[in-house]
Amino acid sequence: MDDEKKLTARQSRDRDYAEPDHADAANTDKVNTEQSHVDTVHACKVNTEENYADTVHAGKVNTEENYADTVHAGKVNTEQSHADTVHAGKVNTEQSHADTVHAGRKDTDNEQAGENREGTEKLSSPEKSKVSRMSVRSSGRDEGTPRGRSTDNQSRVRHFRQFTDKSAAAADRDRTTAKAKEKPRETSAKKGKAQSAAPRRRKVPSGPSPREMIRELPEGQAKDAAVTKRRRERENESRMRMLVGVLGILIVLLIAALIYEVLLGHGTKMTGAERMAEEARRKQEIAAGSLDKDADGDAQDESGSPSGNDTQSGEGSPSGNDAQGGEDSPGGNDAQGGEDSPGGNDAQGGDGAQDGEASALTPEELKAQADRMAMQYDYDRAIALLKSAEDYEENQELQTAVAGYAEKKNACVPYPADKVTHIFFHTLIHDPKKAFDGDEYEGGFNQFMVTEHEFNSIIEQMYQKGYVMVFLSDIVSETDDGNGGKTFAAQDIMLPPDKIPFVLSQDDVSYYHYMDGHGFASRLIVDQNGDVKNEYIEDDGSISVGDYDMVPLIDRFVEKHPDFSYRGAKGYVALTGYEGILGYRTDEVYKTKEEGRVTVQQQMFFDSYPGGFDEAAWEKECREAEKVANAMKRNGWKFASHTWGHQNMHETNGVPWALFVQDTDRWESWVEPLIGETDTMIYAFGGDICGWENYSGDRFQYLKQAGFNFYCGVDSAQYWLQVGTDYVRQSRRNVDGYRMYYNPDMLSDLFDVSRAWDPLRPSSVPPI
């Protein structure tokens, strides 16, 4: 990508997470409830008008023929009429009242809930659809209502009594109709006029009306029918009151839940800082009962992630990477600076057994773990582990081992903290043929990268010389200042006389887009065995899994040589964030696709992503990145900030104050939530905030407030350490093609360049 576009992308304004709008849910409930009220009133109104029309038609508006038919059906041929009536009322004279009412009046004598339902059935198709949709919405919204019931019941309960009042009015109209039937029949003209003025109604079959049939019942049956009707009305009213009470309780509970969630702040989304503080508190509680910090990294709250490349003299890299010799690296990576453990870290592979775990292990297993701890110079912990065995007092083998650990501990000598060197690499070249293929990137790769072949040779040579990986926290002491901060002091590290401590870091472990197809791994993963590995995309598009970069290569090396690690320490992984971390596209721009911030290479990624890169894909990338980061911390790695946008943070030669603040805030918002709070800053381009004078000023205070205590620049000096009251600074040495080609003598204390040089690398390296 070109510098101008990249700079524009980095300087763009950040976008905050949108907090969830709790008002949406309340608004939706309100709209649905009002809609339900309207639909229910409409249904009751239509139902009432329909009943009224039917009653008028049956009782008042009848033709002469209908009247004659009624008399014939109701009075003439009593026996046959009675049989027909029994048949129409579904047999059984004793039940004729209820059944006839059901056949003739339907809604009038049924339960009021049934009237509402049948009234709804009378609606037109569009009205039915409307009521149906309202029921579906209500049912889906209120999961707490009883089965088969929706929140439409709230409106139905409120309007049931209104509907009952309307039914009473309809009864009065029925009595008026009955009196009218005793008057002489109207003329055909008048009836025609009445019929034309009557509201639209359904066709009523000829025969006696339900009310006439009721009047013809014996007096006792009529009284029973009236009593039954009143009893049903009372039962319906009782049910409605009970339902209203239940719904009232549910509404009160809902309001209480909203108050709990919104007003008290429970259940709302935490900010990145809040989330990290909670995670740190949780880990401190977990680690409170442990014997010491263990390999799982539970006591390590800070680690770093994304990527970016450093330059030693602070010059810019056209591809966003740092140059080691003071110039820009098109593809180099920065060192990380995760948190340091003052008490040391346990070796990976489950060596960090706690007191409570010792009783579950056999003496042989205890001995194996203790041996590994002792090999990694954690003698005190190894001794404590064996002494925790139940049969320690009777087990001569364990006692002999403890005596041996004590002897080795006493043989250790102090190594001065200010003589500890710090080296860093960029992302390793897996396939030199693709990296050194003569294209525009070859020069940068040649200057600022090393190959897997070279890295393996360098590490092996350093191991043979007695080098041991340590963290910055191993060479300083930390003390709480009483105000929530820490004070620092340099301290010598105790090692056997033939061992030399050093700090290891790697920069820009993001696997940037520009590296695709140039012989680099595509990302880090956790395989089925729980090991951290790399993925590599082959020429045919297939994916290979293996140890193709520094993290898995060091993991495998320490498995074979535990004494290469001081108490399980590995190294720092320095990350940027603008193109995500660890090979995963986790930055906000991949989620928002904000216009003006998407680079050409990012757009190409979107266009080529199978099925399109949407928000769900972005969330999956974040989950996978967090999974890898957690596995790395358990294996003894720490993370450091390389700034979010790979920025030079120098007070006078770097970015202006506003961009300095924006970049730091973006790191906290988009990177730390995935890797945990980070206390180490490894400057991009080696762009320290000031010169070698002691730290002070606004930029230092802002970084301190963001949680940074350890700061690393870039220098060609063998070692340099500055321990202030509230911070620690250390310089780093670049190991790359440029340094190996032009200054091999500057690396001779570490390894022999002639033995490490990859035969597939070009015979010369272009000058910077």
Side-chain angles (χ1 to χ4, degrees), residues 272 275-276 279 283 295-298 300-308 333-339 345 348-349 425-428 430 504-513 515-516 520-537 543-556 558-559 568 570-587 590-591 605 613 617-642 644 667 670-678 680:
R275 176 181 173 183
M276 289 182 290
E279 180 70 12
K283 290 182 178 180
D296 290 342
D298 288 337
Q300 302 177 16
D301 295 338
E302 304 151 353
S303 27
S305 155
S307 60
N333 302 316
D334 298 329
Q336 71 186 159
E339 27 171 5
N345 303 306
Q348 66 184 71
F425 298 85
H426 290 109
T427 307
L428 303 182
H430 173 59
L504 174 68
S505 58
Q506 185 178 30
D507 296 350
D508 294 317
V509 190
S510 283
Y511 304 101
Y512 298 118
H513 289 302
M515 302 168 73
D516 294 343
F520 296 89
S522 59
R523 62 180 177 177
L524 289 163
I525 65 167
V526 179
D527 70 5
Q528 58 186 1
N529 298 320
D531 296 327
V532 176
K533 299 281 188 178
N534 286 113
E535 283 188 351
Y536 179 80
I537 302 175
I543 297 177
S544 298
V545 176
D547 304 329
Y548 307 138
D549 206 352
M550 188 179 83
V551 170
L553 288 173
I554 288 293
D555 284 346
R556 303 294 87 76
V558 173
E559 288 173 1
K570 298 290 180 60
Y572 295 94
V573 174
L575 307 170
T576 58
Y578 65 95
E579 283 190 356
I581 64 173
L582 306 174
Y584 298 91
R585 306 312 167 194
T586 58
D587 187 55
Y590 293 91
K591 175 184 179 182
F605 168 76
F613 192 86
W618 176 81
E619 291 175 350
K620 182 179 179 182
E621 293 280 294
C622 292
R623 290 194 301 271
E624 292 299 317
E626 187 174 14
K627 177 182 177 181
V628 173
N630 290 335
M632 290 173 62
K633 289 188 288 185
R634 288 194 297 270
N635 289 341
W637 294 94
K638 293 186 178 184
F639 291 98
S641 171
H642 199 47
W644 173 86
W667 167 267
W670 300 103
V671 181
E672 280 194 334
L674 300 177
I675 64 173
E677 189 173 358
T678 309
T680 305

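The structure presented is a predicted model; accordingly, all values stated were derived computationally and were not measured. Reckoned from all heavy atoms, side chains included, excluding hydrogens, waters and symmetry mates.
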For the [atom1] atom of [X] and the [atom2] atom of [Y], what is their distance to the nearest 0.5 Å?
X	Y	atom1	atom2	result
N630	N635	CG	CG	11.0 Å
M550	L504	CE	CG	4.5 Å
I525	E624	CD1	CD	9.5 Å

### Task
Would you check if the side chain of S522 reaches a backbone N or O of E535 as a donor-acceptor pair within less than 3.5 Å?
yes
### Task
Give a yes or no answer on whether the side chain of W670 reaches the backbone of G580 with a donor-acceptor pair at less than 3.5 Å.
no
### Query
Can you name the one residue among D547, V551, V526 that meets side chain to side chain contact (heavy atoms under 4.5 Å, CB included) with K533?
D547
### Message
So if I apply the side chain to side chain contact (heavy atoms under 4.5 Å, CB included) rule between Y548 and each of L428, N534, L553, which one comes out positive?
### Response
N534
### Query
Is there side-chain contact between V509 and I581, with heavy atoms separated by less than 4.5 Å?
no
### Query
Does the side chain of F605 reach to within under 4.5 Å of the side chain of D516, using non-hydrogen atoms?
no
Where [X] and [Y] come nearest, the two heavy atoms and their spacing:
X	Y	answer
P552	V532	CB-O, 3.4 Å
G577	V671	CA-CG2, 3.9 Å
R585	E621	N-OE1, 2.8 Å
A629	I675	CB-CG2, 4.0 Å
T678	E672	N-OE2, 3.0 Å

### Query
How are the rings of Y512 and Y578 set relative to one another: parallel (under 30°), tilted (30 to 60°) or perpendicular (over 60°)?
parallel
### Query
Should L674 and L582 be marked as a side chain to side chain contact (heavy atoms under 4.5 Å, CB included) after you check the CA-CA gap, both sets of side-chain angles, and the distance that decides it?
CA-CA 11 Å; L674 300 177; L582 306 174; over 6 Å; no
#### Entry: Check against salt bridge (Lys or Arg N to Asp or Glu O under 4.0 Å), E626 and R623
CA-CA 5 Å; E626 187 174 14; R623 290 194 301 271; over 6 Å; no
### Task
Go through V628 and Y584 one step at a time and tell me if the side chain to side chain contact (heavy atoms under 4.5 Å, CB included) criterion holds.
CA-CA 10 Å; V628 173; Y584 298 91; 3.8 Å; yes
### Query
Is the gap between the ring centers of Y511 and Y536 under 6.0 Å?
no
